[in-house]
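Notes for the one structure printed next.
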Amino acid sequence: MIYKSFVSQRCFGVELEASKNLEQIAIKDIVAGGTSRGVSTTHWQASKNNRNWHVKMDGSCGDGPDEEYGWEIASYKAHGIDDLLSIANVAQRLKNAGLRVNKQCGLHVHVEVNDFCAHRMGYLLARWLAVEPWLFNAVPIRRSKSVYCNALRNVRPVADRKWTAWELWEHFKPEYKVYGSQDYRRVSLNLCNFYMEKDKVNKKRCTVELRLPEGTLRGVNVKNWTRFFVHLVETSAQDCTIFPVVANTLDEFFDACGIGHDGEFSFLSPGLRETKIWLLRRLKKYQFNRDSQAIEEYLHRMTWPEKLGR
């Protein structure tokens with residue numbers, strides 16, 4: 001038997017995008033009330049190795065012509081379950097205080113990959129390509145059609161054949177200096193920071209970025225999107241499996257996510273089980289009739305003891 005749990009100490013950072021309906025100083029005070037970390041306010045500043053929270057302007061999440069910009073609330077450089085829960089708690093505090101998101105907003109999660117080489121990134125790409133179509137069916141249509149998170153497979157179409165890890169990296173590496181940076185940054189899985197830092201001795205921001213999720217301040221969404229992505233990256237660092245470019249079934253999807261049950265030979269920790277059920281419920285809500293019966297049956301199997309009060 002294999003026990004799968006969220007034990008990664010890999011560093012990560014979360015960016016919460018929001019509307020401008022609250023003032024910057026008010027947001028700073030709300031964040032400060034929910035963290036032991038400091039909170040800084042800036043006009044605009046790239047986040048690198050944050051020790052504290054940053055509240056800054058963001059020109060991509062304005063809500064209509066009267067609001068040309070919104071706010072980005074960037075977390076400190078975090079690791080482990082305690083930081084994960086703390087960041088989710090701050091997001092929920094912001095929501096409870098009345099901060100809103102709009103259709104332009106997204107939730108971004110950066111995960112550090114200092115230990116990855118280009119070949120290892122190919123294994124992460126293999127998993128990502130397998131799960132990407134499913135994840136696009138786990139977000140609202142306003143996000144799946146957003147220009148800020150195009151599907152990676154739409155930027156560089158990928159043939160349905162067997163690929164090696166190195167072939168996948170060579171196919172998807174973001175040669176932004178040639179093709180234009182925005183095409184490669186505004187994708188569901190942004191590899192640009194890794195591409196720029198991977199060969200440096202002193203890496204300052206060697207990360208991959210999940211850009212797919214819709215803007216949200218709900219703590220449960222922030223917690224589970226972050227745990228899902230950190231676990232996916234950690235699994236790719238440990239496992240050299242090359243998956244098909246599309247997962248055809250729910251079981252294949254969860255295996256590529258790193259939260260499959262491998263038949264009857266593995267158990268998930270309470271945290272990963274929560275994330276798996278959360279994903280199933282999002283697929284049920286947003287899946288637009290894709291595999292609806294399979295999703296319903298899978299969700300029933302995982303939750304039926306709750307219905308019996310156990």
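Just so it is clear, the values below take in all heavy atoms, side chains as well, and ignore hydrogens, waters and symmetry mates.
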Exercise. Indicate the atoms forming the closest heavy-atom contact of Ala138 with Leu283, along with that distance.
Key: CB-CD2, 4.0 Å
Quiz item: Within the distance-only criterion (no hydrogens, no angle test), does the side chain of Lys103 pair as donor or acceptor with the backbone N or O of Ser146 below 3.5 angstrom?
Solution: no
Practice problem: Could you tell me whether the side chain of Leu272 reaches within less than 4.5 Å of the side chain of His231, counting heavy atoms only? | Solution: yes
Self-check item: Closest approach of Ser188 to Phe136 (non-hydrogen atoms, all atoms of both residues)
Solution: CB-CE1, 3.8 Å
Quiz item: Tyr286 ring centre to Arg282 NZ or CZ under 6.0 Å, with the angle to the axis within 45°?
Solution: no
Quiz item: Looking only at heavy atoms, which two atoms of Phe172 and Leu191 are closest? And how far apart?
Solution: O-CD1, 4.0 Å
Quiz item: Just how far is it from atom SG of Cys257 to atom CG of Leu232, taken to the nearest 0.5 Å?
Solution: 6.5 Å
Quiz item: Within 45° of the ring axis of Phe254 and under 6.0 Å from its six-membered ring centre, is that where the NZ or CZ of Lys276 lies?
Solution: yes
Quiz item: Would a 4.5 Å heavy-atom cut-off, applied to side chains only, mark Leu94 and Val31 as touching?
Solution: yes
Practice problem: Using a cut-off of 6.0 Å, state whether more than 12 heavy atoms not belonging to Asp82 lie near its atom CG. | Solution: no
Quiz item: Is the side chain of Ser144 donor-acceptor paired with the backbone N or O of Ile141 at a distance under 3.5 Å, no angle test?
Solution: yes
Quiz prompt | Donor-acceptor under 3.5 Å (Arg227 side chain, Leu84 main chain) | solution = no
Quiz item: Is the closest side-chain donor-acceptor distance between Asn21 and Ser19 under 3.5 Å?
Solution: no
Practice problem: For the pair Glu112 and Lys203, find out whether any cationic side-chain nitrogen is under 4.0 Å from an anionic carboxylate oxygen. | Solution: no
Practice problem: Report the C-alpha distance between Val222 and Ile87 in whole Å, list the side-chain angles of each, state the deciding distance to 0.1 Å, and finish with yes or no for side chain to side chain contact (heavy atoms under 4.5 Å, CB included). | Solution: CA-CA 8 Å; Val222 174; Ile87 291 169; 4.2 Å; yes
Quiz item: Without hydrogens or angle criteria, can the side chains of Asn52 and Ser40 be said to hold a donor-acceptor pair below 3.5 Å?
Solution: no
Quiz prompt | CA sep, side-chain torsions, deciding dist, call: Glu296, Lys284, salt bridge (charged side-chain N to carboxylate O under 4.0 Å, His left out) | solution = CA-CA 7 Å; Glu296 188 67 43; Lys284 179 181 177 182; 3.1 Å; yes
Quiz item: Roughly how far, to the nearest 0.5 Å, is the OG1 atom of Thr164 from the NE2 atom of His119?
Solution: 6.5 Å
Practice problem: Apply the test ring-ring contact (aromatic ring centres under 6.0 Å, His included) to residues Trp169 and Trp163: give CA-CA distance (whole Å), side-chain angles for both, the deciding distance (0.1 Å), then the verdict. | Solution: CA-CA 10 Å; Trp169 169 251; Trp163 294 74; over 10 Å; no
Practice problem: Would you confirm whether Asp83, through its side chain, and His79, through its main-chain N or O, come within 3.5 Å as a donor-acceptor pair? | Solution: yes
Quiz item: Do side-chain atoms of Asn102 reach the backbone of Cys61 as a donor and acceptor pair under 3.5 angstrom?
Solution: yes
Self-check item: Side chain proximity check, Thr303 to Ile277, heavy atoms < 4.5 angstrom
Solution: yes
Practice problem: State whether a side-chain donor-acceptor pair under 3.5 Å links Thr249 with Asp251. | Solution: no
Exercise. Would you check if Lys56 and Trp71 make a side-chain contact, meaning some heavy-atom pair closer than 4.5 Å?
Key: no
Quiz prompt | Cation-aromatic face contact Lys77/Phe12, 6.0 Å, 45 degrees | solution = no
Exercise. Search all heavy atoms of Asn221 against all heavy atoms of Trp278 and return the closest pair with its distance.
Key: OD1-NE1, 3.0 Å
Self-check item: Pro157 backbone acceptor or donor facing His171 side chain under 3.5 Å
Solution: yes
Quiz prompt | Pair Arg10 + Glu234, salt bridge at N-O below 4.0 Å | solution = yes
Exercise. Would you indicate whether Glu23, at its atom CD, is surrounded by more than 12 heavy atoms from other residues, nucleotides or ligands within a distance under 6.0 Å?
Key: no
Quiz item: Taking the hydrophobic residues Ile, Leu, Val, Met, Phe, Trp and Tyr, and joining any pair whose side-chain heavy atoms are under 4.5 Å apart, which ones share a cluster with Tyr148?
Solution: Val147
Quiz prompt | Note, Cys117 side chain near Lys198 side chain (heavy atom, < 4.5 Å) | solution = no
Quiz item: Are any of the side-chain heavy atoms of Leu212 and Leu107 separated by less than 4.5 Å?
Solution: no
Practice problem: Supply the members, apart from Tyr123, of the Ile/Leu/Val/Met/Phe/Trp/Tyr cluster built from side-chain contacts under 4.5 Å; use none for a lone residue. | Solution: Ile242
Practice problem: Using modelled atom types only, decide if a donor and an acceptor are shared between the side chain of Arg211 and the backbone of Arg185 within a distance under 3.5 Å. | Solution: yes
Quiz item: Taking a hydrophobic cluster as the set of Ile, Leu, Val, Met, Phe, Trp and Tyr residues connected by side-chain heavy atoms closer than 4.5 Å, whether directly or through intermediates, do Met121 and Phe243 fall within one such cluster?
Solution: no
Self-check item: Exercise: identify the closest heavy-atom pair between Arg143 and Cys105
Solution: NH1-O, 3.3 Å
Quiz item: Which distance, rounded to the nearest 0.5 Å, do you find between the CG of Leu125 and the CZ of Arg120?
Solution: 12.5 Å
Quiz item: Are Ser236 and Asp239 close enough that some pair of their side-chain heavy atoms sits under 4.5 Å apart?
Solution: no
Self-check item: Ion pair check, Arg153 and Glu132, cut-off under 4.0 Å
Solution: yes
Practice problem: Please report the C-alpha distance between Lys20 and Met57 in whole Å, then the side-chain angles of each, then the deciding distance to 0.1 Å, and finally whether the side chain to side chain contact (heavy atoms under 4.5 Å, CB included) criterion is met. | Solution: CA-CA 9 Å; Lys20 205 178 65 169; Met57 295 171 58; over 6 Å; no
Self-check item: Connected via hydrophobic side-chain network under 4.5 Å: Leu268 and Val7
Solution: no
Exercise. State, to 0.1 Å, how close Leu16 and Ala91 come at their nearest heavy-atom pair, and which atoms those are.
Key: CD1-CB, 3.9 Å
Quiz item: Is there a donor-acceptor pair closer than 3.5 Å between any side-chain N or O of Arg127 and the backbone N or O of Ala256?
Solution: yes
Quiz item: Transitively linked via ILVMFWY side-chain contacts under 4.5 Å: Ile259 with Val220?
Solution: yes
Quiz item: Got more than 12 heavy atoms from elsewhere within 6.0 Å of NZ, Lys95?
Solution: no
Quiz item: Less than 4.0 Å between a side-chain N and a carboxylate O, is that true for Glu197 and Arg205?
Solution: no
Quiz prompt | Whether Ser75 side chain and Val14 backbone form a donor-acceptor pair below 3.5 Å | solution = yes
Self-check item: Side chains of Leu129 and Val246 in contact at under 4.5 Å (non-hydrogen atoms)
Solution: no
Quiz item: When you measure from the side chain of Gln24 to the backbone N and O of Thr42, does any donor-acceptor pair fall under 3.5 Å?
Solution: yes
